[in-house]
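What follows is a single structure, written as structure tokens, with notes after it.
We count residues from 1, following the sequence as given. This one's a predicted model, so the numbers in the text were calculated from it and none came from an experiment.
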Amino acid sequence: MGYNTRSGYNAYREIGVRTASQGSLVVMLYDGAVSHLEEAIALVEGENRLAPGHIEAFGKHLQKVTDIISELEASLDLERGGEIAENLMALYIFFTKQLTAGTISHDKKQLQDVLGMLTELQESWVTAANSTANTQVEMPADRPTISVTG
């Protein structure tokens, strides 16, 4: 029986996710959201039009971004996070509304605005995850996860 490189890669990635620090996990989610949103935007042609062959891929990419935003939202601790957590929650709600509207209208500018804000947050989380205050945590094996890849 031959070695399946795809399953090997998935196993390696799963181990990385399970042993990553909390900050690194958040960065992974932002990386996935930014990547999928860039892919969706690239499918929009001219004045907010999609080629018929791109409609399904566009929807899948935006659904993935929405799923990731929902995961980020669910991970917020509003009791201990204070004003920062409240501000992030407001941004995540705004992103979800914009993504929903962008899915319907194919408004490239609207999606690019969200991408710009997501990219800024991603860069901030990269800085925070790389700080010396960031600690490694072991994630429970039975914790539900979301895939940030395809």
Side-chain angles (χ1 to χ4, degrees), residues 6 8-50 54-141 143-150:
R6 182 79 176 151
Y9 171 74
N10 287 339
Y12 175 79
R13 188 176 61 202
E14 184 177 328
I15 290 169
V17 168
R18 290 186 192 278
T19 60
S21 68
Q22 288 178 331
S24 295
L25 290 172
V26 172
V27 168
M28 286 180 204
L29 288 170
Y30 274 103
D31 288 348
V34 166
S35 175
H36 282 285
L37 190 49
E38 288 173 338
E39 292 289 331
I41 290 169
L43 295 172
V44 179
E45 301 171 353
E47 288 298 315
N48 307 331
R49 293 178 12 155
L50 283 175
H54 294 155
I55 294 171
E56 184 178 357
F58 178 79
K60 284 183 178 181
H61 284 299
L62 288 183
Q63 183 59 55
K64 191 59 118 171
V65 177
T66 302
D67 291 346
I68 292 169
I69 298 299
S70 294
E71 180 73 16
L72 289 166
E73 192 175 324
S75 71
L76 289 174
D77 184 343
L78 295 173
E79 289 180 20
R80 295 189 314 183
E83 187 177 345
I84 292 172
E86 289 175 11
N87 290 339
L88 284 171
M89 178 65 80
L91 276 172
Y92 296 155
I93 291 168
F94 172 76
F95 292 160
T96 301
K97 288 179 181 177
Q98 294 296 98
L99 291 168
T100 301
T103 300
I104 296 166
S105 68
H106 311 142
D107 187 336
K108 194 171 194 171
K109 171 79 169 97
Q110 187 175 35
L111 297 174
Q112 288 170 329
D113 289 345
V114 172
L115 177 62
M117 289 183 268
L118 271 175
T119 302
E120 284 184 39
L121 286 170
Q122 174 193 36
E123 291 167 0
S124 296
W125 277 104
V126 167
T127 300
N130 289 330
S131 75
T132 57
N134 197 28
T135 58
Q136 186 106 351
V137 293
E138 184 75 25
M139 297 302 291
R143 182 179 184 272
T145 59
I146 186 169
S147 169
V148 296
T149 58

If every non-hydrogen atom of [X] is compared with every non-hydrogen atom of [Y], which pair is closest and at what distance?
{"X": "Ala129", "Y": "Ser24", "value": "CB-N, 4.0 Å"}
{"X": "Asn48", "Y": "Asp107", "value": "OD1-CA, 3.5 Å"}
{"X": "Val65", "Y": "Leu37", "value": "CG2-N, 3.5 Å"}
{"X": "Leu118", "Y": "Ala33", "value": "CD1-CB, 4.2 Å"}

* To do: Return yes if some donor-acceptor pair links the side-chain N/O of Lys108 with the main-chain N/O of Val44 below 3.5 Å, else return no.
  =>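 Judged by distance alone, yes, a pair lies under 3.5 Å.
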* Flag, side chain of Ser35 to backbone of Asp31, donor-acceptor distance under 3.5 Å ->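 Not at all, since once roles are kept as given, no pair shorter than 3.5 Å links the two residues.
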Is the closest side-chain heavy-atom distance between [X] and [Y] below 4.5 Å?
{"X": "Tyr92", "Y": "Leu76", "value": "yes"}
{"X": "Leu72", "Y": "Leu88", "value": "no"}
{"X": "Glu39", "Y": "Lys64", "value": "no"}
{"X": "Val114", "Y": "Leu99", "value": "yes"}
{"X": "His106", "Y": "Arg49", "value": "no"}
{"X": "Gln63", "Y": "Thr103", "value": "no"}

What's the spacing between [X] [atom1] and [Y] [atom2] if we round to 0.5 Å?
{"X": "Leu62", "Y": "Ile104", "atom1": "CG", "atom2": "CD1", "value": "11.0 Å"}
{"X": "Ser75", "Y": "Leu25", "atom1": "OG", "atom2": "CG", "value": "9.5 Å"}
{"X": "Thr100", "Y": "Gln110", "atom1": "OG1", "atom2": "CD", "value": "9.5 Å"}
{"X": "Glu73", "Y": "Thr66", "atom1": "CD", "atom2": "OG1", "value": "11.0 Å"}
{"X": "Ile41", "Y": "Leu115", "atom1": "CD1", "atom2": "CG", "value": "4.5 Å"}
{"X": "Glu123", "Y": "Thr127", "atom1": "CD", "atom2": "OG1", "value": "8.0 Å"}

* **Results of salt bridge (Lys or Arg N to Asp or Glu O under 4.0 Å) for Asp113 - residues two or more places apart only** =>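 Checked Asp113 against salt bridge (Lys or Arg N to Asp or Glu O under 4.0 Å); matches are Lys109.
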* Lys60: salt bridge (Lys or Arg N to Asp or Glu O under 4.0 Å) partners, not counting sequence neighbours ->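 Per chain and number, Lys60 pairs via salt bridge (Lys or Arg N to Asp or Glu O under 4.0 Å) with Glu56.
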* Asked: What residues form a side-chain hydrogen bond (donor to acceptor under 3.5 Å, both in side chains) with Gln112, not counting sequence neighbours?
  ->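 Gln112: no side-chain hydrogen bond (donor to acceptor under 3.5 Å, both in side chains) contacts found.
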* Taking atom CG of Leu78 as the centre, report whether more than 12 heavy atoms of other residues, nucleotides or ligands fall under 6.0 Å from it. =>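 For Leu78, atom CG is crowded (more than 12 foreign heavy atoms under 6.0 Å).
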